[in-house]
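Naming: A, B, ... by sequence-line order, numbering from 1 per chain.
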Number of protein chains: 2
Amino acid sequence: MKKKLSIVDLAKQLNISPTTISFILNGKAKEKRISDELVKRVLKQIEEVGYKPNSLAQSLRTGKTMIIGLMVEDIADPFFSSIARLIEEKAYKNGYKIIYCSTDNDSVKTKDLLSMFQDRHVDGYIISPPEGVEKEVNDLIDNGTPVILFDRYLPDTNADYVVVDNRTSTYEAVLHLINNGYKNIAFITLDSLQTQMQDRLQGYESALTQHNLPHHLKEISFNQDEEQIIRHIVSFLERKPNLDAVFFGTNYLCISGLKALKKLGKKIPEDLAVVCFDDDVVFELHSPSITAIAQPIEEMSEKLITILLGKLNKASKVKKIQTDILSPELIIRASSRRL
Amino acid sequence: MKKKLSIVDLAKQLNISPTTISFILNGKAKEKRISDELVKRVLKQIEEVGYKPNSLAQSLRTGKTMIIGLMVEDIADPFFSSIARLIEEKAYKNGYKIIYCSTDNDSVKTKDLLSMFQDRHVDGYIISPPEGVEKEVNDLIDNGTPVILFDRYLPDTNADYVVVDNRTSTYEAVLHLINNGYKNIAFITLDSLQTQMQDRLQGYESALTQHNLPHHLKEISFNQDEEQIIRHIVSFLERKPNLDAVFFGTNYLCISGLKALKKLGKKIPEDLAVVCFDDDVVFELHSPSITAIAQPIEEMSEKLITILLGKLNKASKVKKIQTDILSPELIIRASSRRL
DNA sequence: CTGAAAGCGCTAACAG
DNA sequence: CTGTTAGCGCTTTCAG
């Protein structure tokens, strides 16, 4: 276990002061008018002995950790893990590391996690927040820590956010069903007040209302295992034999829904058309393939990291909330075509 | 931006020394025989003013960061993101946080990432390693940092590992095909020397050899986008019209394979039976459902974190390498049944 | 141009 | 039982 050498060791080797090395390392060589020759000598020695500054000491001193806290609903969900992948890439490219966690949409757990991240002096946050953490998020922001929300946002908060236009995209997907002659369209969604779910619900309702069609809403509560969800969907579909289409509010509801339909022996789209919010390879490969609203994941991550890095670099006192509302794409597949 | 208070501030408030507080906080109250009354008073004050020790300073002082580095091939892959989810849960429960990254199976990138993680003084590592980082891993271990490998291991390394029995499980899956009357079984795999892929290949080959059946091997190189992979698979299948079954070495190869089969208009299992290593909801929902070898993800994560925490707690000089070889489960579905 | 020295907040040996 | 003190390794002001 060889001892890591410090800036002092290095200074001794070179017979100069640690200060000078620090200046050189922090790009202040010019500013402090350190001779090119010395700079070269120092750099060479650093290379040779493989000196690496201790980032913990740096962080303690400067208050910056170069770590971003990424809090998602569930890192195992393909939507979130894809985002995590892209964010990671861009963050590392800029010298930032990522600490992640899954919130389970649980506000108590999330508060706990937020506090742990704060302990670690995370420089900035990217969060898909549950409801109920408004105060904590605002405290963070008041404290000068950048927080960017995504997927959903917290209205009573000063945090920037990047989301998609849930309302319009849902509206258009339902319109697509209506245009294909479907008249009894169900919406199976989460029993959630989060903005994205509320917006999807509104999109659904306004499309139906506009066309004088009946509403068929099924709200499923979040904390259930898949078996239970399937059972709820089965029972709902059995109670509503006149349905001819169903719109699922999230990808995993749709997956459970497809299992439910399989169980019931329903043919898609003959018995029931299917559309889903969020795309996934499952829907592409399914027979028949499932129409889905695909979120622009790449663009979303790009915006997230750009906004965050922007805030991180400038000690920008720009108080204006940045919001980005992206447009998802409706990918029409076999499950929603009238035969 | 309110100033966070330090242990010294707290000491002043209470008119005692920081040492005493430190002792109390680190569970040495009894050992140092500090009066219960004082302890209570200190704890109360801490609660009241919301004092939190600065973990950066703690880390700088103690050398422990309570951070685990998780390096996977690709955090967006469902296998790895599920593992990440479970590891996260268990780690947080034990006070550890997780920094993650995706290696892309790129040894250069991985070395870089390892070095960044070292900079941050990560306490221990969980890695699904690419080939070519043996030296770095051994250095870490020699340095006293616990490293646990999973999914695959590095033979020339002293790292512990948790893997599944790839050879036997593949052997048995191929046997299952043979017992169902399939005679021309292809193996579509990665052009990789990683242990798990080599073991799967061996399992395939020994089953065929034992039954005097012809080998049909297609190795696909790692760094390609999905389109290319599909094209390679299509061309392979076209060149081999006599195949009656195909075994895919990884989940995403199988997904690409299913797309290829769709393109070719092949019926499963009538034209071609399909079996895949790694399970996924896609395979369960596919029509027909796809037979797959499911890895015990829960058990795997449990072992990983248990071994790591064990090493982290004891300054155990136990030099013996711990290895865990778990048994995956063959889930027989419609895609491999002879009609 | 370069160096001395003061911390960042915490821990732990040592001394009462 | 409790306090003093010396760092952990780095940055940065201030003085040459």
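- Across all strands, A:Ser55 comes closer than 4.0 Å to no nucleic acid atom at all (heavy-atom distances).
- Side-chain contact between B:Phe150 and B:Gln196 is absent, with no heavy atoms from C-beta onward closer than 4.5 Å.
- Listed candidates were D:dT2, C:dC10, C:dG3. Nearest to the side chain of B:Ile7 is C:dC10.
- In this structure, CG of B:Leu25 is placed 14 Å from C1' of C:dA12, rounded to the nearest angstrom.
- Contact annotation for B:Ser35: backbone-only contact, meaning every heavy-atom pair under 4.0 Å involves sugar-phosphate atoms and none involves a base.
- Contacts of B:Leu38 with the nucleic acid, taken as non-hydrogen atoms under 4.0 Å apart, involve only primed sugar atoms and P, OP1 or OP2.
- In this structure, B:Ile16 reaches the sugar-phosphate backbone alone: every heavy-atom distance under 4.0 Å involves primed, P, OP1 or OP2 atoms, never a base.
- For the pair B:Asn15 CG and D:dT4 P, the computed distance is 11 Å after rounding to whole Å.
- Contact annotation: A:Gln58 does not reach the phosphate of D:dG9 (side-chain N/O to OP1 or OP2, under 4.0 Å).
- In this structure, the side chain of A:Asn143 does not engage the main chain of A:Thr145 through any donor-acceptor pair within 3.5 Å.
- If you measure from atom CG of B:Leu5 to atom P of C:dG9, you get 10 Å, rounded to the nearest angstrom.
- Under a 3.5 Å cut-off, the side chain of A:Asn94 and the backbone N or O of A:Lys90 do form a donor-acceptor pair.
- In this structure, B:Glu37 atom CD and D:dT2 atom P are separated by 9 Å, rounded to whole Å.
- A donor-acceptor distance shorter than 3.5 angstrom exists from the side chain of B:Tyr100 to the backbone of A:Ala84, with no hydrogens or angles considered.
- As rounded to whole Å, 11 Å separates atom P of C:dT2 from atom CG of A:Asp36.
- Within the 4.0 Å cut-off from OP1 or OP2 of C:dC8, not a single side-chain nitrogen or oxygen of A:Thr62 is found.
- Dashed line: the shortest gap from a side-chain N or O of B:Asn54 to OP1 or OP2 of C:dC8 is not under 4.0 Å.
- When distances run from any side-chain atom of A:Ser22 to the nucleotides C:dT2, D:dC10, D:dT11, the shortest one goes to D:dT11.
- In terms of position along DNA chain C, the nucleotide closest to B:Leu60 lies nearer the 5' end than the nucleotide closest to the other residue of the pair B:Leu60 and B:Thr19.
- Remark: P of D:dT13 and CG of A:Asn26 are 12 Å apart, rounded to the nearest angstrom.
- For A:Tyr51, no side-chain nitrogen or oxygen approaches OP1 or OP2 of D:dG9 to under 4.0 Å.
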For this session: Please test B:Ile67 against A:Lys97 for side-chain contact (heavy atoms from CB on, under 4.5 Å), starting from the C-alpha separation and ending with a verdict.
Result: CA-CA 12 Å; B:Ile67 293 182; A:Lys97 281 129 228 97; over 6 Å; no

For this session: Verify side-chain contact (heavy atoms from CB on, under 4.5 Å) between A:Cys101 and B:Glu88, making sure each step is shown before the conclusion.
Result: CA-CA 7 Å; A:Cys101 66; B:Glu88 171 207 344; 3.5 Å; yes

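- Rounding to whole angstrom units, CG of residue B:Leu56 and C1' of D:dT11 are separated by 14 Å.
- Of the residues near DNA chain D, B:Arg61 and B:Ser17, the one whose nearest nucleotide (by heavy atom distance) lies more toward the 5' end is B:Ser17.
- Atom NZ of A:Lys28 and atom C1' of D:dC10 are 12 Å apart (whole Å).
- The residue among B:Lys52 and A:Ile34 whose nearest nucleotide of DNA chain C is located toward the 5' end is A:Ile34.
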